[in-house]
K.L.:
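Mind looking over this structure? Questions follow.
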Amino acid sequence: MDIRKIFTLKILTYLANQHKMITLQKRVGFREIFYNLLMKLDKDSDLYKMRHSAAHVMAAAVCRLYDDVQLDIGPPTNEGFYYDFDVPHRFTPENFEAIEKEMVRFIQEDHPFECMEVSREEAKQIIADQHQKYKLERLADIPEGDKITFYKCGEFVDLCRGPHVERTGHVKTFKLLSVAGSYYRGRETNPMLQRLYATAYNHDKELRKYLKQLEEAKQRDHRKLGKALDLFSIQEDVGPGLILWHPKGARIRSLIEDDWKQKHFHGGYKLVYTPHIGKAKLWETSGHLGFYKESMFAPMDIEGMEYFTKPMNCPFHIKIYQSQKRSYRDLPLRWAELGTVYRYEKAGVLHGLLRVRGFTQDDAHIFCAPEQVEEEIKKVIRFAIDVWKDFGFSDITAYLSTRPDKAVGEANQWEKATASLEQALQAESIPYEVDVGGGAFYGPKIDMKVKDTIGREWQMSTVQFDFNLPDRFNMKYVGEDGKEHRPYMVHRALFGSLERFFGILLEHHAGAFPLWLAPEQIRVLPLTDHQFGYAQSVIKTLQEKGFRVSQDIRSEKVGAKIRKAQIEKVPYMLILGPKEEDSGSVSVRRRSGDQSSMTIEGLAETIMREINAKA
RNA sequence: GCCAGCGUAGCUCAGUCGGUAGAGCGGCUCAUUCGUAAUGAGCAGGUCAUCGGUUCAAUUCCGAUCGCUGGCUCCA
């Protein structure tokens, strides 16, 4: 094995642990979802200080109420604060009231926060006296030369950088929210601590607002809406993280896909389809078996050959590239696929549609000559913005990730690629942040996040250079000079995965899909069965115009029919009674509650306009 | 994977300190023919997640398994 191979292998092993391959799925959960709900707090802000102090108060209360409390850390966060404990007692939400009561008492006692600066030796002594093993390790983390401070309030003394409010009495309104396990220092090999999450605000009103936001987000939870609107399900018998798309959900997905495909054809992409499985050798060449195997489903044996379910589409696209000799005249090649991939994700991280085991990437690979790359990146960014617009997303932030310490490819390649990414962002005037060293080992990347209706940011698109795969597959094109050259390869996904995107879209619209995506656009509600005939003719007319129409012919009052349609978030309801039948018109009620009377032609026109506007 | 909690009708949930379960919505049937968010009556529907243990008896207690939920360094 030559040196280069050994080096590559080392990097790959290292990266296997870092999980730095395009995952296109991001961690989700309560905390990430709300991470951007509120403005990022300034570390020196009063609220931040107060929350930090509240964390101490909570720890003090816990120390009073329970025996053998080992403290770890208790930082303020953008939403509140938490504190990690190692206690023999198992916390449950039933304990919250008692802890909150004790916290109130502690606050009312109004202890001053006293800062004590000590030497390292003194610090060790204090911690040793308290028998706080985690604190001792945390102390060791403090760099030599830094100040070491303790904060004391009442009987509670904690190693802490501060700052704090002056007295516990300054801690205002707070509430314990949840209890969760958390590994000490976040490492799986460390002991599991118990984390109490809480929040604190300066005013009751703000706390109530925050709790209301939590409640609202819960109401628009895609898992809840997915069930209520009969869009999809995940069933135990099928398997965790595997999605069943019900007819209505599938209809929406199909509309999303149609839009996506049309846009891609217009944008100079060509579609490809590739299989779900491939031979082991392919995944060896691509390197996946070296560094991504843990995330792949187990192999299957077919006629003595090992096959793997694909976790990514790239190798197949590369094989299409290599099906013939390529000239510089062929480039750039832009190949897109709605490719369904399977990845093994730990059971504990699965989450509705947002984190799954089988999903369809809206994947594309661009193969181009080095000099074309900057223009291609610009195109991709413009393209992404254009596609999002259709779905009601316009607030975008980008994150540019540059070369990590361990990386493949030459430094000047990286520089050039990174520069093209940055120039593209500037050219499109997209606000971006730079994550120095945050790129994947095989190339720099841009991740783009969009903001939803309630202000949450979701990572969606990713544009990634790849200096690794073209090498591994020994990809070539014949240049103007008649010599062989290595093409540049760019991976990109706009939605990330259709499942995840659908989940985000569902929450974004709170289930009330815009007309062009609504699985059922119009519901006809005959007032009595005398109007059934007229209803049929209205339905026929509208269906012939291509609208998605249904009817409610139950023996119910119109109020009940409307209620049902409202709950199912049907955009247009047509109430048909004798008046409408006599005049050949329709009484229109929109989802918003707006009412009007129209001719069928007028309605069709209005609806058509709304569909075309994708409003 | 790990910690904690949870799993009762299609859905949302109540209940049983061990004696095999109930509501509302939904479904079906019948009556009602109604004007912008719920007409009335009746009926059907459950191996109380699965498997094992304790017990005269388990949906209830214990254990395992499966699944779901909240989390698992915004660093003293």
Side-chain angles (χ1 to χ4, degrees), chain A residues 27 29-32 35-36 40-41 43 48 52 55-56 71-79 81-82 84 86 90-94 123 127 132 134-143 146-151 158-162 177-197 221 223-224 227-228 230 233-241 294 344-352 525-532 554-567 573-580 587-591 593-595:
Chain A
R27 288 174 53 197
F30 183 83
R31 285 184 56 220
E32 196 208 341
Y35 184 70
N36 292 293
K40 282 186 189 169
L41 276 180
K43 294 233 164 176
Y48 212 74
H52 194 174
H56 278 237
L71 302 165
D72 187 27
I73 54 167
T77 68
N78 279 312
E79 298 142 53
F81 62 92
Y82 65 84
D84 285 345
D86 192 353
R90 299 284 114 179
F91 291 124
T92 70
E94 275 129 53
I127 294 169
Q132 292 290 344
Y134 300 107
K135 288 289 179 188
L136 206 57
E137 290 179 35
R138 295 286 183 184
L139 175 67
D141 287 349
I142 301 174
D146 278 21
K147 270 202 296 189
I148 296 173
T149 54
F150 280 82
Y151 275 82
D158 196 4
L159 174 70
C160 175
R161 178 164 45 201
L177 297 174
S178 62
V179 51
S182 87
Y183 292 108
Y184 175 55
R185 291 176 191 267
R187 294 182 65 101
E188 286 183 33
T189 47
N190 284 345
M192 177 70 66
L193 308 177
Q194 297 186 73
R195 174 172 297 180
L196 289 177
Y197 276 104
D221 189 309
R223 293 165 298 183
K224 189 184 163 95
K227 196 180 267 182
D230 191 21
S233 63
I234 302 166
Q235 296 182 31
E236 194 171 338
D237 290 348
V238 177
E294 294 158 43
Y344 166 71
E345 300 274 358
K346 288 180 178 177
V349 305
L350 299 174
H351 181 93
L525 314 179
L527 197 63
T528 73
D529 48 15
H530 301 304
Q531 284 81 43
F532 283 4
R554 292 175 304 154
S555 172
E556 288 287 351
K557 291 187 178 175
V558 74
K561 295 184 184 184
I562 286 168
R563 182 181 148 78
K564 188 158 191 265
Q566 286 286 155
I567 288 169
M573 286 156 254
L574 306 185
I575 291 94
L576 305 184
K579 259 189 288 179
E580 287 73 23
S587 172
V588 180
R589 182 191 163 102
R590 289 175 204 238
R591 193 160 53 184
D594 291 350
Q595 291 170 39

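So that the names make sense, note that chain A is the first sequence line, chain B the second, and so on, each numbered from 1. Remember, it's a predicted structure, so these values are computed and weren't measured experimentally. Just the heavy atoms: all of them, side chains too, but no hydrogens, waters or symmetry mates, feed the values below.
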K.L.:
Hunt down the Watson-Crick or G-U wobble partner of B:C17, both distances under 3.5 Å, from any strand shown, or write none.
P.N.:
none
K.L.:
Of all the choices, B:C75, B:G1, B:A4, which nucleotide is nearest to the side chain of A:Lys346 once you look at every atom?
P.N.:
B:G1
K.L.:
Would you indicate whether the side-chain heavy atoms of A:Tyr134 and A:Pro191 approach each other to under 4.5 Å?
P.N.:
yes
K.L.:
Looking at B:G70, B:U36, B:G7, which one has an atom nearest to any side-chain atom of A:Ile562?
P.N.:
B:U36
K.L.:
Please report, rounded to the nearest Å, how far the P atom of B:G70 is from the CG atom of A:Leu177.
P.N.:
14 Å
K.L.:
Enumerate all atom pairs, one protein N or O and one N or O from nucleotides 44-48 of chain B, separated by less than 3.5 Å.
P.N.:
none

K.L.:
What I want to check is whether an N or O donor and acceptor connect the side chain of A:Glu580 with the base of B:G35 at under 3.5 Å.
P.N.:
yes
K.L.:
Using whole Å, what does the distance between atom P of nucleotide B:U69 and atom CG of A:Asp221 come to?
P.N.:
9 Å
K.L.:
Want to settle it: does A:Glu188 or A:Val588 sit nearer the 5' end of RNA chain B, counting the closest nucleotide to each?
P.N.:
A:Glu188
K.L.:
Which base sits across from B:G27 as a Watson-Crick or G-U pair, both distances under 3.5 Å?
P.N.:
B:C43
K.L.:
Check if the side chain of A:Tyr183 and the base of B:G1 share a donor-acceptor pair of N or O atoms closer than 3.5 Å.
P.N.:
yes
K.L.:
Would you call A:Arg138 and A:Asp72 a salt bridge, taking side-chain N to carboxylate O under 4.0 Å as the test?
P.N.:
yes
K.L.:
Measure the shortest side-chain to side-chain distance between A:Ile562 and A:Leu525 over non-hydrogen atoms and say whether it is less than 4.5 angstrom.
P.N.:
yes
K.L.:
Starting at the 5' end of RNA chain B, which residue's closest nucleotide do you reach first, A:Arg161 or A:Ala560?
P.N.:
A:Ala560
K.L.:
So do the side chains of A:Gln194 and A:Asp84 get within less than 4.5 Å of each other, counting heavy atoms only?
P.N.:
no
K.L.:
Indicate yes or no: at least one non-hydrogen side-chain atom of A:Ile127 is less than 4.5 angstrom from one of A:Leu139.
P.N.:
yes
K.L.:
When the C1' atoms of B:C28 and B:G10 are compared, how many Å lie between them, rounded to an integer?
P.N.:
13 Å
K.L.:
I'd like a list of close polar pairs between nucleotides 28-32 of chain B and the protein, N/O only, cut-off under 3.5 Å.
P.N.:
unit_1, atom_1, unit_2, atom_2, d
B:U32, N3, A:Ser555, OG, 2.6
B:U32, O4, A:Ser555, OG, 2.3

K.L.:
Could you check whether A:Lys135 gets within reach of a base, just the sugar-phosphate, or nothing at all, counting any heavy atom under 4.0 Å?
P.N.:
sugar-phosphate
